[in-house]
Amino acid sequence: MTTAMRSRPSACPACAVAPAAEALGQGDDPGEARLLLSLPTIHCAGCIAAVERGLNAEPGVRSARVNLTLKRVSVEAEPEVTADDLIGVLDRLGYEAHELDPGVLSATATDKAGRDILMRLAVAGFAMMNVMLLSVAVWSGAADATRDLFHWISAAIALPTIAFSAQPFFRNAWSALSARRLNMDVPISLAILLAAGMSLYETMQSGRHAYFDAALSLTFFLLAGRYLDHRTRAVARSAAEELAALEVPRALRVGGGDSEEMVAISDLAVGDIVRVKPGARVPVDGVITEGQSEIDRSLLTGESLPVYAGPDAQLSAGEVNLTGPLLVRVTAAGEDSSLHRMADLVAVAESSKNRYTSLADRAARVYAPGVHLLSLLAFIAWLVISGGDVRLALNIAVAVLIITCPCALGLAVPAVTTAASGRLFKRGMLIKDGTALERLAEIDTVVFDKTGTLTLGAPEVTNLGDHPRRELEVALALALQSSHPLAQSLAQAARAAGIQPARLSDVTEVPGYGVEGHWRGETVRFGRAAWLGATPGKATAAWLRIGPAEPIEFTFADSLRPGAEQAVAALKAQGKAVHLISGDAEGPVAELAARLGIDDWVAGALPQDKAARVQALTDGGARVLMVGDGLNDTAALAAAHVSISPATALDAARVASDIVLLGKDLAPLGEAVITARKSTRRIKENFSIAALYNMIAVPIALIGLATPLAAALAMSASSITVSLNALRLR
Amino acid sequence: METLVYLIPISLFLGGLGLAAFFWALKTRQFDDPEGDKHRILSDDWDDHPRP
């Protein structure tokens, strides 16, 4: 029933995600003191109690309530309570917490559409069971006055129920008809309305057959399909929104006299001074006025090496400040900023995604006119045969319409996508788009980005074993004092190798250069080659110098994302062509390609090159799966047949892609393609099952032998078979 | 057959009661956090008196 769902804008998951990028720039109402925190690690009754008790004990907190399903806590608090305070409290309690932007999440907080469908479903279910109870009595032989009474009671239950529960179908059918199109809801609405109307007429005439139960079970089963569909999308949407909401669009504005205040990015004006802490993402485009640091721009360009930046250097929104605190003068705000350009990119990506026609749509296109034609033919034929008996002819035409009505078809797609999405969600993949699975099943070529996708974008020491223990101890002690990724990576590796830090004194970090200290009366330094008087080599490196000795080099390589090797191997085993296109320099790209066994690779690609190559592959007849994470991948992600991005990707890239990898691991990629192929096969099987039932039931209806009992049996049996077939995917 | 006069209204009433209960639960957002509610019954808080 994706047909109908997509015709309503609110039901399309991607559309609901798209504004997230724009909302990033807007921020929330400062007067509102409702805080939302994401708690990824909570899992038990004890956690709920501990978190709620801990937060409620904080002064200024009015109430705190945990939602374990969404792994969130919402806090009502006085305006002076900030999220950072609460994150500190939770940290002391031993729970990891992240602030969420309530503005972005408001859409999921009240899932009105879902509750609306559920309510209609409940009413339809209640009415269906009651009417079925009365119908069974009629089928088993109630006659005359009893039958009439039962029909009248059925009518009294069924008619208001249909008026309420079947509204979504009527509305969709009407909007399709007024646009002069046919969708699956047109035959559905027609069948429900005609069945109810004709049954009412038959009841008035004390006729033998009334189809109230059929009209109701049709409504019930189709609503169930629609609800499943909605659930799948709602889960994906809320997870996608949560990813977006994790990046709260705020900046630290420095006012006159060194006062600082947190403001929404949208409130910043050109010329404002903003403080960017080490480890934070640069919120706006700007120029550095004070401080020096190293900047990681891998998300924007794919370069894996951090770049040095001092006063007067240009920064773009989205880059990450690594070492020193910076003061940045805003050069572009609002409409002109990179942030807004990102939102534009997303809009472009969104509009280009609507070309694909899903299997359900294609089925509906053939099915809807066919059904109408068939029942019209039945009506005319019986009118001729019976010599003008309109009542009989109409009865048979309605029976044909009810029996062919796509009950199983309505469940065929949602039941399968629900099962498949659920399975992939457990493996850490989020299916954002309704047709993503179908498109994923068709791919024959995979294009990977390098930095941040096949690699973690985090460095790894490569020559730890080459150095004596004494040097390692000094290096570890120095590295522990810095938050630079190279230092942290070295510290982690050295610790893992069992090295103990040496005792140093007067350790200071020199932002943009490295760390300095004293050890046994000698000055020791760990940092950039130029600062230590060494000649930089080709690889990413940090240097250590003890006193007057020659500096020694620690080389680093970007560490491979876990599961990258398995993913590439699995895709190659499935016969897919694997390409690597990176914006990074040739050396690291060639090395990685060799390590993973990728023969087709391109280095130094500009964002346009990436999109152009994907387009060229597509023009050559290939169906491309693009896997990427950066701003430079966004155009390529949008151009590809289907696209995947990791959760660490930039918001724009995540929105442009159809599937988001929630975990760090790439390994589920190979399985995802297999699951997608399986689910497409199940959908087609389900269509065949529905067709098979029709092939048996339609001739019976056409010759006028269909009874309400036969219709009820055919409908329930096909719906249940289809759902069970879908469950085989789990 | 006369029993039908009682039985049908009774069955409709009971079914309607169930439906009304479901509506109430839906309106008071009792399906918002099934996972959390499952665990909350194990907590000792508010065992002696209801939450104020």
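Sequence lines set the chain letters: A, B, ... in the order given, protein chains first and strands last, and positions in each chain run from 1.
With rounding to the nearest 0.5 angstrom, the CG atom of A:Leu121 is 7.5 Å from the CZ atom of B:Phe22. One finds the CZ atom of A:Arg115 at 8.0 Å from the NZ atom of B:Lys27 (value rounded to the nearest 0.5 Å).
Residue contact with chain B, scored on non-hydrogen atoms closer than 4.5 Å, involves the side chain of A:Asn130 exclusively. Of the two parts of B:Leu12, the backbone and the side chain both hold a non-hydrogen atom closer than 4.5 Å to a non-hydrogen atom of chain A. Of the two parts of A:Ile42, neither the backbone nor the side chain holds a non-hydrogen atom closer than 4.5 Å to a non-hydrogen atom of chain B.
Annotation for A:Met119: atom CE counts as buried by contact number, over 12 foreign heavy atoms lying within 6.0 Å.
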Evaluate side chain to side chain contact (heavy atoms under 4.5 Å, CB included) for B:Ile8 paired with A:Leu134, printing each intermediate quantity in order.
CA-CA 9 Å; B:Ile8 290 173; A:Leu134 298 165; 4.2 Å; yes
Go through the steps for A:Val66 and B:Arg40 under the test side chain to side chain contact (heavy atoms under 4.5 Å, CB included), then give the verdict.
CA-CA 10 Å; A:Val66 171; B:Arg40 270 174 207 278; 4.0 Å; yes
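The two atoms that bring B:Asp37 and A:Arg65 nearest to each other are OD1-NH2, 4.1 Å, heavy atoms only. Across all their heavy atoms, A:Ala45 and B:His39 have their closest contact at CB-O, 3.2 Å.
For residues 148-167 of chain A, the interface with chain B (any heavy-atom pair closer than 4.5 Å) comprises A:Phe150, A:Ile153, A:Ile157, sorted by residue number.
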